[in-house]
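The structure appears right after this line, and notes come after that.
In what follows, every chain begins at residue 1, and chains take the letters A, B, ... in the order their sequences are listed.
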Amino acid sequence: MAKKKSDTPKPYAWLMKSEPDVYGFADLLAEPEQTTLWDGVRNYQARNFMRDGMQVGDPVLFYHSNCRPPGIAGLAKVASEAYADPTQFDPDDAHFDPKASQDDPRWFLVDVQAVRELNFVPLETLKNEPRLAELPLVKRGNRLSVMPVSKEQFEVVLELAGDTDA
DNA sequence: GCCAACGTTGGC
DNA sequence: GCCAACGTTGGC
């Protein structure tokens with residue numbers, strides 16, 4: 001019987017960035033089961049959120065980065081426990097990590113499943129919303145690709161998307 | 001394409 | 001363990 005690692009409550013939801021030219025929300029919708037492995041994350045803070053913070057079923061805001069305009073494109077959810085990112089073991093993969101081994105993986109991921117497309121919420125709209133001032137995304141210089149979102153922040157985003165199906 | 005911000009690496 | 005150099009992110 002495993003003891004819980006922490007008594008602090010887990011974040012309610014998450015925001016995950018992807019470049020739509022590489023992999024956008026439409027690509028997720030086109031997957032079998034509308035599910036994919038969120039591979040290629042090579043940042044320790046983002047990894048820790050996936051490995052230690054996420055729980056199956058957590059809502060995920062799917063954010064389009066490095067495009068015009070950037071913003072939130074869809075709603076998804078965490079669809080698996082964290083497990084080792086297989087791309088770290090593949091020498092032919094761009095995300096190969098020679099310091100990782102099967103016995104001692106460095107990088108973890110979760111499966112992400114689409115829930116529904118949202119009316120696009122541009123970054124500019126997020127920045128102009130006072131109730132989202134504490135969202136890491138809108139803070140100057142923030143580059144985290146996976147970040148926690150509180151219940152209140154999540155609900156504000158759905159409101160900005162005109163989403164009434166929540 | 002520019003460049004500010006930030007994370008990582010490696011020499012010492 | 002410091003910190004300069006370097007690479008990457010990502011908005012603009």
Phosphate-side-chain proximity, A:Lys17 and C:dG10, N/O vs OP1/OP2 below 4.0 Å: yes
Nucleic acid contacts of residues 94-108 of chain A, taken as heavy-atom distances under 4.0 Å to DNA chain C: none
Cluster link A:Ile72 to A:Leu29, ILVMFWY, side chain under 4.5 Å: yes
Between C:dC12 (C1') and A:Glu124 (CD): distance, integer Å: 12 Å
Under-4.0 Å side-chain N/O to phosphate OP1/OP2 contact, A:Tyr63 with C:dG11: yes
Distance-minimising heavy-atom pair for A:Gln113 and A:Ala79: CB-CB, 3.9 Å
Side chain of A:Arg143 (C-beta onward), nearest among C:dG11, C:dG10, B:dT8: C:dG10
Length of the line joining A:His64:NE2 and C:dG10:P, which is rounded to integer Å: 13 Å
Between P of C:dT9 and CG of A:Asn43, the distance in whole Å: 10 Å
Whole-Å distance separating the CG atom of A:Asp21 from the P atom of C:dG10: 13 Å
Salt bridge (Lys or Arg N to Asp or Glu O under 4.0 Å) evaluation trace for A:Lys10 with A:Asp58: CA-CA 10 Å; A:Lys10 304 282 190 182; A:Asp58 283 354; over 6 Å; no
Nucleotide nearest A:Asn66 when distance is taken to its side chain, options B:dT8, C:dT8, C:dG10: C:dG10
Length of the line joining A:Asn142:CG and B:dA4:P, which is rounded to integer Å: 18 Å
Give every donor-acceptor pair under 3.5 Å between a side-chain atom in residues 17-26 of chain A and any protein atom, sequence neighbours left out.
{"residue": "A:Lys17", "atom": "NZ", "partner": "A:Leu144", "partner atom": "O", "Å": "3.0"}
{"residue": "A:Ser18", "atom": "OG", "partner": "A:Tyr23", "partner atom": "O", "Å": "2.5"}
{"residue": "A:Glu19", "atom": "OE1", "partner": "A:Asn66", "partner atom": "ND2", "Å": "3.2"}
{"residue": "A:Tyr23", "atom": "OH", "partner": "A:Glu31", "partner atom": "OE2", "Å": "2.7"}

Rounded distance (Å) that lies between atom P of C:dC12 and atom CG of A:Leu137: 10 Å
Which residue lies more 5' along DNA chain B, comparing A:Arg42 with A:Arg68 via nearest heavy atoms: A:Arg68
Sugar-phosphate, base or nothing in reach of A:Lys127, heavy atoms under 4.0 Å: sugar-phosphate
Length of the CE-P vector between A:Met147 and C:dT9, whole Å: 14 Å
A:Glu159, CD: over 12 other non-hydrogen atoms inside 6.0 angstrom: yes
Separation of atom CD in A:Glu19 from atom C1' in C:dG11, rounded to whole Å: 12 Å
A:Glu152 side chain reached by A:Arg131 side chain, heavy atoms, under 4.5 Å: no
Of all pairs that satisfy side-chain hydrogen bond (donor to acceptor under 3.5 Å, both in side chains), the ones with a partner from residues 69-91 of chain A, not counting sequence neighbours: A:Arg42-A:Asp85, A:Arg42-A:Thr87, A:Tyr83-A:Asp111, A:Asp85-A:Thr87
